[in-house]
Peer 1: 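Dumping the structure here so I can ask a few things about it.
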Amino acid sequence: MKRHESRQILLVHAIEQADSEDAIFSSETRDAAASLAGSPLPRPSTRDQQDRFFQQRAASLLGKLVGKFPETALWAEPGGQWKWGVLTSGLLIVAAVIGYLTNELGPERRINILAFPLLGIMAWSGLVVVRDIWLLTRSRDRLFSDSSIQWLVRILCQQSSPLKDRQAPESGALEGARALFEKTWLRLQSPAIGCRIKSLLHVTAMVLAIAAIGGMYVRGLAQEYRAVWESTFFESGPQLRPFVQTILGPATSLIGDTIPSGEELDAMRWQSSDPANPVGERADRWIHWYAITIGLFVVLPRFILALTWRARSAWLGRTIPFRQVAPEYFERLVALSSGEGLVALFVPYATRFEKPEDREAAERCLAEYKERRIEARWAESIAFGDEETMPQADSAGHDLVVPILVFAATPEVETHRLVLDGLVEKYGDKLPLILLDQRSFDRKNASFPDAESRYDSRRTSWEKLTGHLDRDLLYLSERQKV
């Protein structure tokens, strides 16, 4: 999937999360977008079919959004390409200028073959290549987690502007959606943007090295320069030759040349006591050797790494894991489009859900909570006193298991917690929530003046009893209570 398509999907997700009152997208608008995107999906549908559905639905909804709120185009539409142009042009120009000026061909018309600035470029590039090879082995989430590249990523991603009409009733939801989207999008696309920056930095290093060599050739066209050497640590030509052979040997072998002998290097040594003596030799072949060496050990590795990082950036941009942001949201979209429901196993405890209207109420409560159609299965009720007796039904064939307890009962460790712990141990992650039937509690306490405080106290008791399970509590009520 293309980067901008993943962006559209996540943007619509953020808007729908913030649009709790359907002020931005009405249910009719969402249904129409789903229909245009190919709803209903086949059962079962492939991942590619689902991704295509998500993208087409998001594109349709964003078209409606920009038409209804034109100011949202300031942040809803992709942008920021001009920042890449400014960054790229600036880095390349600066690198070319610095590279051209970085050389030892000064007014004395001599170069020290050991003080060549390109030796520093080669050493630095070697360290960068080793580090980049290590970086390329890291996963998406850890790629630039400890890198200074992150601040550049933030600058390049910062492109939105606040909404103009802050008095509109929808502006609050849109501002919330923008904040949620920007946070999510920055996290997910940082690796791809970071890889692109790495590619640009390698191109910049190539330009710097090429400009440095080019500057020496340009200056050498009009003046004659001499190659000499002087050193604190090398005392003679024979001692120096192995070092020079190590650095320039591959270049000289490539073009069929040989490094000067120890005696020839002795003749090139700079004699500070007689600066008028034209020691050394013409620097042309040394410049050629360094140019080839830089090409082999700086330009070529940097070129390969630039292509590698750009390819990694493109791959990361095509594989943004947008589903990981809200798995249930995307599962719900698929289910609503295909008509596929969740298969739920209801397990009552110390209550008999045998009347059709009771079961319908529980199923409707779960369907509204999950925003999915529910295909209900009902297990035998666990009787009071049989807390250690678990249902015979296993989790196979069920998407989730829902225990039903009576809210009016005083929550007890010896009974309610024992049942819930046993069910969680048996069904694990397929038991994501607990349904508390509070209808009888509401009926009995409706006439009491302290009904609200009674309700709050009982709810706190249930939350305390079930807190260690880390499960959601869903309340089946005859009144509207959040």
Side-chain angles (χ1 to χ4, degrees), residues 1-27 29-30 33 51 54-55 57-84 87 140-194 196-197 316-317 319-333 369 371 472 482:
M1 179 174 289
K2 295 180 180 179
R3 174 178 170 274
H4 76 274
E5 294 174 342
S6 298
R7 185 182 189 279
Q8 289 178 331
I9 293 171
L10 289 171
L11 182 53
V12 167
H13 161 259
I15 293 173
E16 291 188 294
Q17 291 297 105
D19 187 22
S20 58
E21 299 180 358
D22 293 349
I24 302 172
F25 296 141
S26 65
S27 58
T29 300
R30 299 182 193 190
D51 287 351
F54 297 150
Q55 190 277 320
R57 176 181 180 273
S60 177
L61 288 174
L62 288 179
K64 297 289 185 181
L65 177 72
V66 174
K68 187 177 180 181
F69 308 104
E71 66 273 17
T72 60
L74 295 173
W75 58 276
E77 297 294 335
Q81 291 301 317
W82 63 272
K83 295 182 181 180
W84 275 110
L87 179 63
R140 175 195 291 268
D141 295 335
R142 299 179 60 249
L143 194 55
F144 300 109
S145 58
D146 55 353
S147 172
S148 58
I149 285 178
Q150 283 293 341
W151 72 272
L152 267 178
V153 173
R154 292 189 181 92
I155 292 174
L156 291 169
C157 294
Q158 186 67 36
Q159 62 183 40
S160 62
S161 301
L163 298 178
K164 296 178 181 178
D165 187 7
R166 293 182 176 272
Q167 302 302 317
E170 302 87 355
S171 62
L174 285 173
E175 286 288 0
R178 184 188 67 144
L180 175 61
F181 166 73
E182 288 186 344
K183 181 180 179 180
T184 302
W185 186 238
L186 175 63
R187 175 174 59 84
L188 290 182
Q189 75 161 345
S190 287
I193 300 298
R196 188 172 175 184
I197 293 174
L316 290 174
T319 58
I320 292 176
F322 62 87
R323 291 194 187 217
Q324 295 179 8
V325 173
E328 289 192 357
Y329 168 82
F330 293 105
E331 290 174 6
R332 186 168 62 249
L333 285 183
Y369 177 75
E371 298 183 14
D472 294 336
V482 179

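Start at 1 with the first residue, then count along the sequence.
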Peer 1: Of all the heavy-atom pairs spanning Phe25 and Leu61, show the shortest one and how long it is.
Peer 2: CE2-O, 3.4 Å
Peer 1: Taking all non-hydrogen atoms of both residues, which atom of Phe54 and which atom of Phe322 are closest, and how far apart?
Peer 2: CD1-CE1, 3.9 Å
Peer 1: Please round to the nearest 0.5 Å and tell me the distance separating atom CD1 of Ile24 and atom NZ of Lys64.
Peer 2: 15.5 Å
Peer 1: How would you list, by chain and number, every residue that makes a side-chain contact (heavy atoms from CB on, under 4.5 Å) with Leu316, sequence neighbours excluded?
Peer 2: Arg140, Leu143, Pro191, Ala192, Cys195, Arg312
Peer 1: Among Glu16, Arg323, His13, exactly one meets side-chain hydrogen bond (donor to acceptor under 3.5 Å, both in side chains) together with Tyr329. Which residue is that?
Peer 2: Glu16
Peer 1: Test Arg187 against Val325 for side chain to side chain contact (heavy atoms under 4.5 Å, CB included), laying out the working first.
Peer 2: CA-CA 10 Å; Arg187 175 174 59 84; Val325 173; 4.2 Å; yes
Peer 1: Roughly how far apart are Met1 CE and Ile320 CD1, rounded to 0.5 Å?
Peer 2: 10.0 Å
Peer 1: Let me confirm one number: the CZ-CZ distance from Phe181 to Arg7, rounded to the nearest 0.5 Å.
Peer 2: 4.0 Å
Peer 1: On a heavy-atom basis, which atom in Ala18 and which in Gly176 lie closest, and how many Å separate them?
Peer 2: CB-C, 4.2 Å
Peer 1: Looking at CD of Gln189 and CG of Leu10, how far apart are the two atoms once the value is rounded to the nearest 0.5 Å?
Peer 2: 10.0 Å
Peer 1: Which distance, rounded to the nearest 0.5 Å, do you find between the CG of Leu11 and the CG of Leu62?
Peer 2: 5.0 Å
Peer 1: Taking the side chain as everything from C-beta on, heavy atoms only, tell me whether Asp51 gets closer than 4.5 Å to Ile9.
Peer 2: no
Peer 1: Quick one: pull up NZ in Lys68 and OG1 in Thr29 and give me the separation to the nearest 0.5 Å.
Peer 2: 7.0 Å
Peer 1: Provide the closest heavy-atom pair for Ala14 versus Leu180 in the form atom of the first, atom of the second, distance.
Peer 2: CA-CD2, 3.9 Å
Peer 1: Which heavy atom of Ala58 sits nearest a heavy atom of Gln8, and at what distance?
Peer 2: CB-O, 3.6 Å
